[in-house]
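Working notes for the structure below.
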Amino acid sequence: MKNRFFNSLRFRSWSYFVLFALSILLLLEFFQIIFIEPFYKNTLHKGIKEYTRNISELYFKETSQEYSDQQKISDMYSLTVNNNACVIIYDANKKTTLAAYDALGEGGCAIYSNSTVNNVFIDELQNSQNGEIIKSGKFIELSNQDVMVYGKQYQINDNYYYVISNFTFQSLSILSKTIQGQFVYISLMVLALSLIISILFSNFISEPILQVKQEAKKLTYGNYDVQFDNLEINEIKELASTIQLAANEISKVDDMRKELIANVSHDLKTPLTMIKAYAEMIKDISGDDKAKRNEHLDVIISETDSLNNLVKDLLDLSKLQEGAFSITVTQFDLTSLIEEVCQHFKPLCQNDNIDLQLDCEAELIAYGDESRINEVLYNFISNALKHCGEDKKVIVKAFMVNKEKIKIEIIDHGVGISKEDLANIWERYYKIDKSYHRSKTGTGLGLAINKAILDAHKVNYGVNSNKGKGSTFYFELNRVDI
């Protein structure tokens, strides 16, 4: 039961969702630990450059009545305070033309302290090749606080000016602890939310599958009445539709199986009963009467032959449908074969006053398994004789359709077959009138055997029929050009 629970779809989907949430959280934590410092410095770098550019634009902006010097200085000090920065602007003679700092005053400036400019930065900027410097470190006296210093050289009307600013680093350790502390609470909330969502998600996925499983389980008990309701996921809907279709087909096959067993049992019971009865008659009555004994023995032999034919046809059909046989394709004289098969039925036609007409073109040479085609012809003609109709006429035709095909037709004028039954007549023991009677000739498997043989030959075949007007069974064979 333990393994069954852990291997269940509900638990698996829940655990995968939780693992996914944990993986995301661990990835975020990893990036915070590894990349928070370089990311923070990169952001500060961009910020100090933008601040320096803005200060420079304000400082070098021409004043007017609308924009006075006092307004300019006010804007620069406001920009400096808002960015928690310090800035100095001096000319090529190292004369300071502007010094501005944040609300903390000079104590937070690395470039300007006690009214004195840090000449180290001025010298580096003047000597830089690209007119720009960027430095980070502990440059404030009596303080361990890190700062970032940025300087840029400007040329205005043949005069050089140097703008240097610094940003103070916030404490990375405090910032990291703050973020990590916040991350703990966020993680707990995300985990709780992921647990709830994963439970809902696993139920949403597993419930319809469990429903499909419960309905499919009915099939193992022979209950084919399966119903699937309220399925919202397309793939599960398709699975349910497939199972529903399979259940309907299995139900049909099961009905056919029961019907086949009943029919075969009937076919077996009748000759066995007659064999037993006539054997008892020989024993008790006709044992000394040679004529009677021979008559009774003929019946036993006939019924035994019927049993043998039935078993043979069942075995043949099973092998044909399972593909456990191979056909041997050769060229043979189809006209002669048809004549031989029709000749076999002459005694039966004479006894029943049936007119069996043969209309074949001469010298039709075909490709196929001659013995199997002989069986096909025998079954079709036997079937036609049983349904010949009031005119007592059956016609067998064979003719060339074109240079490559020969078509064989067996025509009767009997009761015909309805459109509803046409698709099913090739099934074993399929009965149009649903009232089964043992055939006096054949085993009731002829059309099913013909279908298997002709499918193996991969040729066209079928039946054209109208209710009350008779039927025409046909098939084609490849022609040998002589």
Side-chain angles (χ1 to χ4, degrees), residues 34-64 67 69-176:
I34 302 299
F35 295 109
I36 186 171
E37 183 174 348
F39 184 79
Y40 177 72
K41 287 183 177 180
N42 184 58
T43 303
L44 199 66
H45 188 184
K46 291 179 180 179
I48 198 171
K49 278 189 171 184
E50 183 179 1
Y51 164 77
T52 303
R53 185 179 67 253
N54 292 336
I55 282 290
S56 301
E57 289 176 354
L58 284 173
Y59 181 78
F60 296 117
K61 185 177 181 180
E62 294 183 1
T63 58
S64 61
Y67 191 70
D69 289 336
Q70 185 176 0
Q71 180 65 41
K72 178 193 292 188
I73 294 172
S74 176
D75 289 344
M76 287 191 291
Y77 273 94
S78 296
L79 186 63
T80 301
V81 171
N82 291 337
N83 285 275
N84 195 24
C86 292
V87 64
I88 60 170
I89 301 176
Y90 60 93
D91 56 24
N93 298 320
K94 296 186 179 181
K95 179 180 178 182
T96 301
T97 57
L98 174 71
Y101 34 82
D102 62 11
L104 295 178
E106 295 181 8
C109 290
I111 56 177
Y112 188 82
S113 180
N114 296 323
S115 302
T116 303
V117 177
N118 192 331
N119 290 322
V120 173
F121 300 122
I122 296 176
D123 292 339
E124 287 189 14
L125 182 56
Q126 286 180 333
N127 295 326
S128 66
Q129 294 181 353
N130 61 352
E132 191 175 32
I133 61 169
I134 181 75
K135 298 174 70 67
S136 297
K138 295 179 175 60
F139 302 126
I140 302 176
E141 295 182 5
L142 304 177
S143 174
N144 289 325
Q145 192 172 24
D146 288 329
V147 296
M148 179 176 287
V149 177
Y150 175 74
K152 187 172 178 61
Q153 176 182 286
Y154 291 90
Q155 182 178 359
I156 307 295
N157 298 326
D158 297 329
N159 294 321
Y160 287 94
Y161 292 88
Y162 302 92
V163 182
I164 303 178
S165 59
N166 77 257
F167 275 11
T168 303
F169 279 97
Q170 303 296 326
S171 175
L172 283 176
S173 60
I174 296 175
L175 182 63
S176 179

With heavy-atom distances below 4.5 Å as the criterion, would you say the side chains of Asn84 and Phe167 are in contact? no
Looking at residues at least two apart in the chain, or sitting in another chain, which of them share a ring pair (Phe, Tyr, Trp, His ring centres under 6.0 Å) with Phe60? Tyr154, Tyr161
Strictly by modelled atom types, are Gln155 and Asn159 linked by a side-chain donor-acceptor pair under 3.5 Å? no
Shortest non-hydrogen contact from Ile48 toward Met148: CD1-O, 3.3 Å
Between CD of Glu57 and CG of Leu79, what distance do you get to the nearest 0.5 Å? 10.5 Å
So for atom CD, which belongs to Gln70, do other residues, nucleotides or ligands contribute more than 12 heavy atoms lying within a distance under 6.0 Å? no
Mind checking whether Tyr51 and Tyr150 have ring centres under 6.0 Å apart? no
Taking all non-hydrogen atoms of both residues into account, name the closest pair between Asp91 and Tyr162 and its distance. O-CD1, 3.9 Å
Provide the closest heavy-atom pair for Thr52 versus Ser165 in the form atom of the first, atom of the second, distance. OG1-OG, 2.7 Å
Find out whether Ile164 and Tyr90 are in side-chain contact, i.e. whether some heavy atom of one side chain is under 4.5 Å from a heavy atom of the other. yes
For a quick test of reading the model, state the closest non-hydrogen atom pair linking Ser128 to Ile133 and the distance between them. CB-CG2, 4.1 Å
Can you name the nearest heavy-atom pair linking Gln153 to Leu125, along with the distance? N-CD1, 4.2 Å
Can you tell me how far apart CD (Glu50) and CG (Asn83) are? Round to the nearest 0.5 Å. 8.0 Å
Would a distance-only check, ignoring hydrogens and angles, find a side-chain to backbone donor-acceptor pair under 3.5 Å from Asn42 to Pro38? no
Rounded to the nearest 0.5 Å, what separation is found between the OG atom of Ser74 and the CG atom of Leu58? 10.5 Å
For the pair Ile88 and Val163, evaluate side chain to side chain contact (heavy atoms under 4.5 Å, CB included) and give the outcome as yes or no after the intermediate values. CA-CA 6 Å; Ile88 60 170; Val163 182; over 6 Å; no
Any chance you could measure Tyr59, atom OH, to Ile156, atom CD1, to the nearest 0.5 Å? 10.0 Å
Non-hydrogen side-chain atoms of Lys152 and Lys49 separated by less than 4.5 Å: no
How close do Lys72 and Tyr67 get, counting heavy atoms only, and between which atoms? CA-OH, 3.3 Å
